[in-house]
Amino acid sequence: MNDEKIPVMIVEDDAGARKTLALYLSEIPGIEVIAIFGSSEEALPGILSENPRLLFLDVELPGKSGIELLEDLRNRDLDFNVIFTTAYDHYAIKAIKNAAFDYLLKPVDKDELNTTLTRFRAKSRENNFRDKIDLLINRINPVGKIRFNSRNGFVMIDPSDIIWCEADWNYTNIHYGVDEKETVTMVLARVEELLSSGSFFRINRSILINLNWLIRVSRKHHTCTLKAGTLELDFHIPSRHIRELEEKLDRS
């Protein structure tokens, strides 16, 4: 039997909420609260030095928000999970859920806390911390350009400019404009999540297309054709994906 306790940190600016959450956690076997902070600025060095397994993080903090704190931590060599706490059931909740983070509404309910920790124990090794932060940040800021991480930093691309995306092992080549291409450090499935608007469709395992550039589909030859300026491209599309594409277009 493993008696090792899970090291937990709390980042919460409300003193009463900090005290209540710490008290509830102290009553749960296998949990050890190792630090409590009132702001992102205070929490950052503590997280870097202690590397907790679980962070309870308030969404709205003085100075940098909880989400901005995660953005600061994204490129660090860390492996932990996050449970957001918030007093507001608003747009951030949908973004948090879409990015596969867990959350608790304040004031925190003891039974909800226990249920959330049960989920954490069940999936704690399914982290993908960096990918989840990328998805969260782009869900919080859904308008305009999307940030994609590249080998040397990141690029900002307007989804409407993207013509198609092509899987390249653990990377994805994003083709936009007529002759522009960026290689980003995420698999195609993650790119597809970021580009989850109705304009994009996965035509096969390797190719994601922007339907705004689609001009033709051939059932006979199992191809679809994109045209952007003088550029015209044919891609293979299986029969079942043709049917799915027709259903998608009928719904739009």
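Quick note: numbers below take in every heavy atom, side chains included, and nothing from hydrogens, waters or symmetry partners.
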Q.
For the CD atom of Glu192 and the OG1 atom of Thr172, what is their distance to the nearest 0.5 Å?
A. 10.0 Å
Q | From CA spacing to verdict: side chain to side chain contact (heavy atoms under 4.5 Å, CB included), Leu73, Leu48 | A | CA-CA 8 Å; Leu73 292 166; Leu48 293 175; 3.8 Å; yes
Q: In sequence, state the C-alpha distance, the side-chain angles, and the governing distance for Thr86 and Ile96, and then conclude on side chain to side chain contact (heavy atoms under 4.5 Å, CB included).
A: CA-CA 11 Å; Thr86 179; Ile96 289 166; 5.5 Å; no
Q | All pairs passing salt bridge (charged side-chain N to carboxylate O under 4.0 Å, His left out) where residues 161-174 contributes a residue, at least two apart | A | none
Q.
Run the side chain to side chain contact (heavy atoms under 4.5 Å, CB included) test on Asp58 and Asp14 for me, step by step, so that the C-alpha distance in whole Å, both residues' side-chain angles and the decisive distance to 0.1 Å come before the verdict.
A. CA-CA 9 Å; Asp58 190 5; Asp14 183 272; 6.0 Å; no
Q. Got a second to check how far Ile146's CD1 is from Leu195's CG, nearest 0.5 Å?
A. 5.0 Å
Q) How long is the span from the CE atom in Met9 to the CD1 atom in Ile47, to the nearest 0.5 Å? A) 6.5 Å
Q: Report yes if the side chains of Leu25 and Phe56 come closer than 4.5 Å at any heavy-atom pair, otherwise no.
A: yes
Q. What distance separates Tyr171 OH from Thr183 OG1, expressed to the nearest 0.5 Å?
A. 9.5 Å
Q.
Once rounded to the nearest 0.5 Å, what's the spacing between atom OG of Ser40 and atom CD of Glu71?
A. 11.5 Å
Q | Arg53 NZ/CZ over Phe120 ring centroid, <6.0 Å and within 45° of normal | A | no
Q. Is the shortest side-chain N to carboxylate O distance from Arg240 to Glu244 below 4.0 Å?
A. yes
Q: Flag yes if Phe37 and Leu23 sit in one hydrophobic cluster, no otherwise; membership is Ile, Leu, Val, Met, Phe, Trp, Tyr, and two members link when side-chain heavy atoms are under 4.5 Å apart.
A: no
Q | Spacing of CG belonging to Leu21 relative to CD1 belonging to Ile10, to within rounding of 0.5 Å | A | 4.0 Å
Q) Do other residues, nucleotides or ligands put more than 12 heavy atoms under 6.0 Å from Lys227 NZ? A) yes
(Q) The test is side chain to side chain contact (heavy atoms under 4.5 Å, CB included); show your working for His175 and Leu233 and say whether it passes. (A) CA-CA 12 Å; His175 299 263; Leu233 301 155; over 6 Å; no
